[in-house]
Amino acid sequence: MKIFYKTAATATGGRSGTSALNDGSFSVQMVRPDSGETGVNPEQLFALGYAACFDSAMQLTAKQLKLAPNTPKTTVEVGIGQRTEGGFGLDLDITVYLPGMAHDDAQRLVEATHQVCPYSNATRGNIDVRLHINTELT
């Protein structure tokens with residue numbers, strides 16, 4: 001694989017510490033989801049990254065498919081839970097809002113994007129991912 005970009009982050013203290021990009025441009029206080037404290041957890045950061053990546057990949061894919069979505073939006077919901085075989089696992093729902101787009105075109109775009117997005121490629125086969133499409137005008 002030809003690498004186009006690489007970055008690094010360092011965490012100290014896990015879910016009750018600090019995580020920061022090694023270039024110093026971003027740092028966050030990490031907290032457990034049920035702590036009631038101010039901060040973020042890894043699942044939230046994963047959701048942010050996946051949503052941005054999928055939305056960006058969708059723009060590229062739309063051009064390739066000669067589709068013109070009107071103000072698309074991507075929401076990624078990340079859950080964490082106990083796996084039946086032990087350990088913990090993630091569970092994902094990706095909802096793509098494509099207002100006014102024909103459902104067949106929207107489905108074709110979202111499915112093609114799911115094949116292009118680096119996060120989708122990284123999670124395929126080891127995380128349950130469900131795709132949802134909303135084409136209603138809001």
Side-chain angles (χ1 to χ4, degrees):
M1 176 168 67
K2 181 180 176 185
I3 304 296
F4 297 120
Y5 172 76
K6 204 172 206 179
T7 190
T10 300
T12 305
R15 289 178 176 266
S16 299
T18 302
S19 291
L21 293 176
N22 288 3
D23 67 6
S25 65
F26 181 72
S27 178
V28 293
Q29 182 64 39
M30 304 299 291
V31 298
R32 294 183 177 283
D34 57 357
S35 72
E37 298 176 23
T38 301
V40 298
N41 62 60
E43 294 74 35
Q44 290 172 311
L45 294 172
F46 189 80
L48 282 170
Y50 204 152
C53 189
F54 198 93
D55 209 66
S56 184
M58 188 167 47
Q59 292 171 26
L60 171 72
T61 304
K63 286 180 186 175
Q64 293 172 341
L65 296 176
K66 295 181 175 44
L67 295 172
N70 181 25
T71 61
K73 180 172 67 171
T74 303
T75 299
V76 175
E77 184 178 13
V78 177
I80 185 170
Q82 185 78 43
R83 295 167 21 131
T84 55
E85 54 277 347
F88 296 92
L90 297 177
D91 180 82
L92 301 170
D93 282 282
I94 300 172
T95 302
V96 180
Y97 301 90
L98 295 160
M101 182 175 269
H103 187 75
D104 289 348
D105 286 342
Q107 186 164 353
R108 187 166 53 110
L109 175 58
V110 170
E111 288 176 1
T113 299
H114 194 47
Q115 298 303 310
V116 170
C117 174
Y119 276 68
S120 293
N121 288 328
T123 60
R124 186 171 292 109
N126 58 12
I127 295 178
D128 289 333
V129 177
R130 289 166 301 282
L131 301 173
H132 308 278
I133 300 167
N134 184 338
T135 58
E136 293 181 22
L137 295 172
T138 54

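FYI, the numbering just counts along the sequence from 1.
- Proximity of a side-chain donor or acceptor of Asn22 to a complementary backbone N or O of Thr10 within less than 3.5 Å is detected.
- Shown here are the ring pair (Phe, Tyr, Trp, His ring centres under 6.0 Å) partners of Phe54, two or more places apart in sequence or in another chain: there are none.
- Side chain of Gln44 to backbone of Asn41: a donor-acceptor contact under 3.5 angstrom is found.
- Here the shortest heavy-atom pairing between Val31 and Gly39 reads CG2-C, 3.6 Å.
- Residues satisfying the side chain to side chain contact (heavy atoms under 4.5 Å, CB included) criterion with Arg108, sequence neighbours excluded, are Leu65, Leu67, Asp105.
- Linking ILVMFWY side-chain heavy atoms closer than 4.5 Å, directly or via other members, places Leu21 and Met30 in a single hydrophobic cluster.
- With Gln29 contributing its side chain and Gly17 its backbone, the two residues share a donor-acceptor pair below 3.5 Å.
- Here the closest heavy-atom approach between residue Glu43 and residue Pro33 is recorded as OE1-CG, 4.4 Å.
- No hydrogens or angles considered: a donor-acceptor pair under 3.5 Å links the side chains of Glu111 and Gln107.
- Ion pairing between Arg130 and Glu77 fails under the 4.0 Å rule for side-chain N and carboxylate O.
- Taking the side chain as every heavy atom from C-beta outward, Thr75 and Asp93 never approach each other to under 4.5 Å.
- In this structure, the side chain of Arg124 engages the main chain of His114 through a donor-acceptor pair within 3.5 Å.
- Under the 4.5 Å side-chain heavy-atom criterion for Ile, Leu, Val, Met, Phe, Trp and Tyr, Ile133 and Leu92 are members of the same hydrophobic cluster.
- There is no side-chain donor-acceptor pair under 3.5 Å between Tyr97 and Thr71.
- Distance alone, capped at 3.5 Å, is enough to place a donor-acceptor pair between the Thr113 side chain and the Leu109 backbone.
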Open item on the list: As a quick check of understanding, evaluate side-chain contact (heavy atoms from CB on, under 4.5 Å) for Phe26 and Ser19, giving each step before the final call.
Closed with: CA-CA 9 Å; Phe26 181 72; Ser19 291; over 6 Å; no

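- The structure places OH of Tyr50 at 3.0 Å from OG of Ser120, a figure rounded to the nearest 0.5 Å.
- Scanning all heavy atoms of the two residues, the minimum distance from Leu90 to Ile127 falls at O-CG2, 3.4 Å.
- A continuous path of Ile, Leu, Val, Met, Phe, Trp and Tyr side chains, each step under 4.5 Å between heavy atoms, connects Val76 with Ile80, placing both in one hydrophobic cluster.
- Side chain of Ser35 to backbone of Arg32: a donor-acceptor contact under 3.5 angstrom is found.
- Residues Pro72 and Met58 share a closest heavy-atom pair of CB-CE, 3.7 Å.
- Of all non-hydrogen atoms in Ile3 and Lys6, the two that sit nearest each other are CG2-CB, 4.4 Å.
- No path of Ile, Leu, Val, Met, Phe, Trp and Tyr side chains, each step under 4.5 Å between heavy atoms, connects Tyr119 with Val116, placing them in separate hydrophobic clusters.
- To the nearest 0.5 Å, atoms CZ (Phe88) and CD (Gln82) are separated by 4.5 Å.
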